[in-house]
*Asks:* 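Starting off with a structure, shown below.
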Number of protein chains: 2
Amino acid sequence: MSIKVLVVDDHEMVRRGIISYLETEDDIDVVGEASDGAQAVELCQELRPDVVLIDLIMENMDGIAATKKITAELPDTKVIILTSFVDEQLVFPALEAGALSYLLKTATAEDIVKAIRSAQQSQSVIEPKVAAQMVHRLQSTATTKMPHEELTERELEVLRLIGEGLTNQEIADTLFIGIKTVKTHVSNILSKLGVNDRTQAAIYAHRNKLI
Amino acid sequence: MSIKVLVVDDHEMVRRGIISYLETEDDIDVVGEASDGAQAVELCQELRPDVVLIDLIMENMDGIAATKKITAELPDTKVIILTSFVDEQLVFPALEAGALSYLLKTATAEDIVKAIRSAQQSQSVIEPKVAAQMVHRLQSTATTKMPHEELTERELEVLRLIGEGLTNQEIADTLFIGIKTVKTHVSNILSKLGVNDRTQAAIYAHRNKLI
DNA sequence: TTTTTTCTCAGTCTTTAGTCTGATGTTCAA
DNA sequence: TTGAACATCAGACTAAAGACTGAGAAAAAA
């Protein structure tokens with residue numbers, strides 16, 4: 001019995017390339033293709049594929065959202081991410097969403113076939129570069145902690161407003177609190193972030209994409 | 001006589017997809033494929049293709065550098081960019097490098113074939129989104145001027161230091177000038193940028209990638 | 001050559017930022 | 001129930017930022 005595969009990518013050429021190769025494999029059967037996440041979710045319910053090959057960046061519904069839905073509705077379906085970038089902001093959300101494997105588009109046809117066969121046995125295949133990212137992340141989260149993770153909710157809120165360029169008075173008015181309170185928050189923020197003034201705090205916020 | 005095409009992309013799957021489709025067209029003949037820019041330049045000299053379909057982001061030599069070399073060495077070769085993103089930082093350098101057309105990977109197989117046939121007659125095919133970018137660029141350079149373009153060299157220098165989080169005194173020490181002078185510059189910067197204080201100026205610098 | 005721009009700096013003044021100490025009420029976990 | 005963490009605010013103080021006016025020197029443009 002062959003492995004039923006659904007191919008999801010917004011680039012027609014990529015789908016065509018993948019499918020044309022997979023069709024040469026006897027134990028793999030491409031049962032359908034989709035050009036966006038929403039369509040992918042629909043087709044999964046209809047076709048019940050064993051494996052879904054999906055890109056992350058797509059128009060209608062992105063690959064992460066689609067992965068989340070698919071793994072929630074059909075837990076037996078294995079999702080393989082096949083994307084171009086090794087972005088920290090994509091890798092972890094994707095794996096948390098329930099993806100089994102993570103491949104890059106630089107992967108060869110054989111790599112993809114291997115990943116599909118491994119998926120059938122619930123075995124993950126993670127691209128080395130992605131794996132390196134994961135190690136880095138684990139190391140950093142285990143040892144170091146980002147300064148802003150020490151901030152309380154309120155302080156984070158104030159920091160964001162500093163990052164928007166508001167003065168203490170404006171922050172006070174925005175949050176409906178006194179300027180004295182704002183000053184206290186700001187002082188705490190500065191010491192927690194290890195910076196000297198609000199300008200550096202604002203820069204910190206931007207560099208760490210808190211805004 | 002058929003149109004000789006070279007396909008350049010670091011993703012095997014994409015090459016496969018494009019080639020498998022182009023081969024069904026009688027008047028198009030895929031004479032070769034390359035996985036990076038350096039290889040593309042070599043193959044161009046060897047195979048003398050009429051049209052080169054090339055991606056922009058590749059490892060060894062990027063598509064822009066390759067396009068520059070190809071159009072310089074073989075002016076009759078038409079280069080068609082086929083990439084994923086509509087980034088201002090990519091579109092214009094690519095066209096300046098001598099690319100004839102600019103397609104997105106969301107293009108259908110037919111779009112690509114049309115672009116190849118048009119290229120044969122030296123006709124550009126520009127993706128609507130890319131064209132929109134170009135219009136926007138032309139309009140903005142013609143009419144509007146970014147606030148920071150009003151700044152003098154020295155002021156820009158000071159603004160960057162503000163964006164690094166330096167105080168007036170630190171800026172003065174860095175540039176070997178008096179703090180009074182720095183204050184004058186800062187005041188001028190603030191009024192030219194239309195912001196209220198140095199924090200907003202720092203944010204401006206970051207948002208406009210002056211740092 | 002004259003004018004304009006740019007960079008430099010001084011003095012004065014007001015406002016804002018930031019630190020420090022201390023205090024009150026709440027919530028939530030030990 | 002007793003801390004601990006959090007959000008709130010006050011008063012007093014110092015330091016920094018920023019506005020405004022004015023001005024000299026050099027370089028570039030008219």
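These numbers were taken from a predicted model, which means no experiment stands behind them. Below, read A as the first sequence line, B as the second, and so on, with proteins coming before strands; counting in each chain starts at 1. In what follows, every heavy atom counts, from backbone to side chain, and hydrogens, waters and symmetry copies are set aside.
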*Asks:* Taking NZ, NE, NH1 and NH2 as the nitrogens, is one of them in K78(B) or D50(B) under 4.0 Å from a carboxylate oxygen of the other?
*Replies:* no
*Asks:* Could you tell me the separation between the CD atom of E170(B) and the P atom of dA15(D), rounded to a whole number of Å?
*Replies:* 16 Å
*Asks:* Just the rounded figure in Å: distance from P of dA5(D) to CG of L151(A).
*Replies:* 16 Å
*Asks:* Give the rounded distance in Å between these two atoms: CD1 of I179(A) and C1' of dA12(D).
*Replies:*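 It is 15 Å, rounded to the nearest whole Å.
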*Asks:* Taking only Lys NZ, Arg NE, NH1 and NH2, and the carboxylate oxygens of Asp or Glu, determine whether K105(B) and D55(B) approach each other closer than 4.0 Å.
*Replies:* yes
*Asks:* Has the side chain of T184(B) got a donor or acceptor that lies under 3.5 Å from a partner of the other kind on the base of dC9(C)?
*Replies:*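 Yes.
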*Asks:* Rounded to whole Å, please give me the gap between NE2 in H185(B) and P in dC7(C).
*Replies:* 6 Å
*Asks:* Rounded to the nearest Å, what distance is computed from the CG atom of residue L175(B) to the C1' atom of nucleotide dC9(C)?
*Replies:* 15 Å
*Asks:* Could you check T199(A) against E153(B) and say which one's nearest nucleotide on DNA chain C is further toward the 5' end?
*Replies:*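 It is E153(B) whose nearest nucleotide is closer to the 5' end.
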*Asks:* Across the strands shown, which category fits T181(B) at heavy-atom distances under 4.0 angstrom: base, sugar-phosphate, nothing?
*Replies:* base
*Asks:* How close or far is atom C1' of dT8(D) from atom CD1 of I171(A), stated in whole angstroms?
*Replies:*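 The answer, rounded to whole Å, is 16 Å.
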*Asks:* I need the CG-C1' distance between N168(B) and dA15(D), as an integer number of Å.
*Replies:*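 Spelled out: CG on N168(B) to C1' on dA15(D) is 12 Å.
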*Asks:* In whole angstrom, what separates K183(B)'s NZ from dT14(C)'s P?
*Replies:* 14 Å
*Asks:* Assess whether a salt bridge exists between E33(A) and R15(A), defined as any Lys/Arg side-chain N lying under 4.0 Å from an Asp/Glu carboxylate O.
*Replies:* yes
*Asks:* Please determine, for the side chain of K180(B), which listed nucleotide (dG11(C), dC6(D), dG18(C)) has the closest atom?
*Replies:*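 Closest of the options to the side chain of K180(B): dG11(C).
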*Asks:* Go through dA17(D), dA12(D), dT19(C) for me and flag the one nearest to the R198(B) side chain.
*Replies:* dA17(D)
*Asks:* Verify the distance criterion only: is there a donor paired with an acceptor across the side chains of S35(A) and D10(A) at less than 3.5 Å?
*Replies:*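 S35(A) vs D10(A): no donor-acceptor pair found between side chains.
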*Asks:* Specify the closest pair of heavy atoms between A40(A) and V8(A), including all atoms of both residues, with the distance to one decimal.
*Replies:*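 So the two residues come closest at CB-CG2, 3.6 Å.
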*Asks:* Compare side-chain N and O positions of S187(A) against OP1 and OP2 of dT19(C) and report whether any pair is under 4.0 Å apart.
*Replies:* yes
